[in-house]
Amino acid sequence: MAICEVMPKHKKEMAMQLIDGKSLANKIQEDVGSRVKKLKQEKNIVPGLAVILIGDDPASHAYVKMKAKACERVGFYSITHNMPDTIGQEEIMATIEMMNNNPRIDGILVQLPLPQHIDTTKILEAIDPKKDVDGFHACNVGRLVAGMDGFVPCTPLGVMKMFEEYGIELEGKDVCVVGASNIVGKPMASLLLNANATVTITHIYTKDLKAHTSTADVIVVGVGVPGLIKADMVRDGAIVIDIGINRLEDGSLVGDVDFSQVSKKCSYITPVPGGVGPMTIAMLLENTLKSTQKRTL
Ligand code: GUN
């Protein structure tokens, strides 16, 4: 007699949890706001952030506007130096020097990317490492790689906060970082390595992206390619963090992950918008307050 196997009609779908960056960022902003209030009441100190914005890239203008609004919300002093894209290297350097010497300023941020004729490395190296709230100065990059305290770039720092908030343990996990930029991929990989994860960094020269993503416990992607990560590149139960923010022709915002399909397979996923984006700004506020506290000890 044939053995009749009872097969489930449908493969059971995983319970997927959305990582809500917006709520976590709001909670962090409230916490920063109350610490700022206390600092003002007890020591009459107000944290200050200077933002340097060059040119008229609409995305950069939108980001800077959001950063300035967030500063206002938590009670920071903030100034934005808006410069035309015809500006010379020396004028930007002079503004940075002025901010380095301004006692009201605890954090300096130069919004990237910069126009072609400007040497980005030289500009970032001109910022006082103690005011480098973006964590892009070689001094802070080195401290991060060495596992020392310093300023950590806001986006990857925000991703680590999300892992912490959702109780996602990284030790021993296989993590695939997609993208190797100085702003996101490289610092992200360092943070994950410092948390004892096994880290693979993939980039545009990677021969077989799917071979790396499909075996990973965690995928962190930030390359600016809409829908790059498809369902067949993700294993069942994986954790997927989408750092991409891409505006489509119809005006909608999407990430680097094919959210509708991938979300059916994974255990945790970040949405776009409302995922990593708000966390970047929350971490900028945290870093600025950390600078104030260190400088006024
Ligand atoms: N451009 C895109 N992301 C960032 C960021 O986190 N900081 C700065 N300064 N520029 C950016």
Side-chain angles (χ1 to χ4, degrees), residues 21 25 28 49-71 76 78-83 85 87 92-93 95-96 99-100 105-116 118-129 131-141 144 150-162 177-191 220-225 241-247 253 255-256 270 272-273 275-288 290-291:
I28 292 167
L49 177 71
V51 177
I52 297 174
L53 173 61
I54 297 153
D56 43 29
D57 174 58
S60 289
H61 273 260
Y63 291 137
V64 166
K65 205 168 154 187
M66 284 192 276
K67 288 171 185 177
K69 264 193 177 167
C71 284
F76 283 5
S78 87
I79 39 175
T80 301
H81 294 271
N82 218 318
M83 299 169 169
D85 59 8
I87 197 124
I92 306 171
M93 298 285 252
T95 305
I96 292 173
M99 296 299 106
N100 281 342
I105 296 299
D106 303 293
I108 303 169
L109 181 152
V110 179
Q111 187 65 28
L112 302 179
L114 294 175
Q116 287 277 314
I118 303 293
D119 183 337
T120 302
T121 307
K122 270 197 185 145
I123 293 293
L124 298 177
E125 289 298 283
I127 298 170
D128 179 347
K131 296 190 178 187
D132 173 35
V133 287
D134 250 334
F136 295 160
H137 191 289
C139 198
N140 284 310
V141 175
L144 171 61
F151 289 113
V152 175
C154 303
T155 301
L157 184 60
V159 172
M160 295 306 281
K161 283 268 178 192
M162 289 171 138
V177 176
V178 185
S181 69
N182 289 342
I183 299 182
V184 176
K186 288 185 204 168
M188 188 74 249
S190 291
L191 285 166
V220 182
V221 55
V223 289
V225 179
I241 307 294
D242 191 351
I243 299 177
I245 303 178
N246 310 291
R247 194 169 289 282
L253 275 186
D256 291 349
T270 59
V272 176
V276 179
M279 290 301 292
T280 298
I281 295 181
M283 293 303 100
L284 173 66
L285 301 174
E286 282 257 15
N287 278 354
T288 305
K290 173 177 166 172
S291 173

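Counting convention: from 1, in listed order, for ligands and their atoms alike. Every value quoted in this text rests on a predicted model; they were computed, and no experiment measured them.
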Excluding sequence neighbours, so at least two apart, what forms side-chain hydrogen bond (donor to acceptor under 3.5 Å, both in side chains) with T288? none

I want to check something: taking the side chain as every heavy atom from C-beta on, are I127 and V110 in contact at a cut-off of under 4.5 Å? yes

Determine whether C71 and L285 make a side-chain contact, defined as any pair of heavy atoms from C-beta on separated by less than 4.5 Å. yes

Name each N or O atom in ligand 1 that is under 3.5 Å from a protein N or O, and give the partner atom and the distance.
residue, atom, partner, partner atom, Å
ligand 1, 1 (N), Q111, NE2, 3.3
ligand 1, 1 (N), L112, O, 2.9
ligand 1, 7 (N), D134, OD1, 3.2
ligand 1, 7 (N), D134, OD2, 3.3
ligand 1, 9 (N), V110, O, 2.8
ligand 1, 9 (N), D134, OD2, 2.6
ligand 1, 10 (N), L112, N, 3.0

side-chain hydrogen bond (donor to acceptor under 3.5 Å, both in side chains) partners of Q111, counting only residues at least two apart: K67

Tell me every residue that passes salt bridge (charged side-chain N to carboxylate O under 4.0 Å, His left out) with D134, counting only those two or more places apart in sequence or in another chain. none

Whether the side chain of D132 engages the backbone of H137 through a donor-acceptor N/O pair (distance < 3.5 Å, no angle test) should be reported. yes

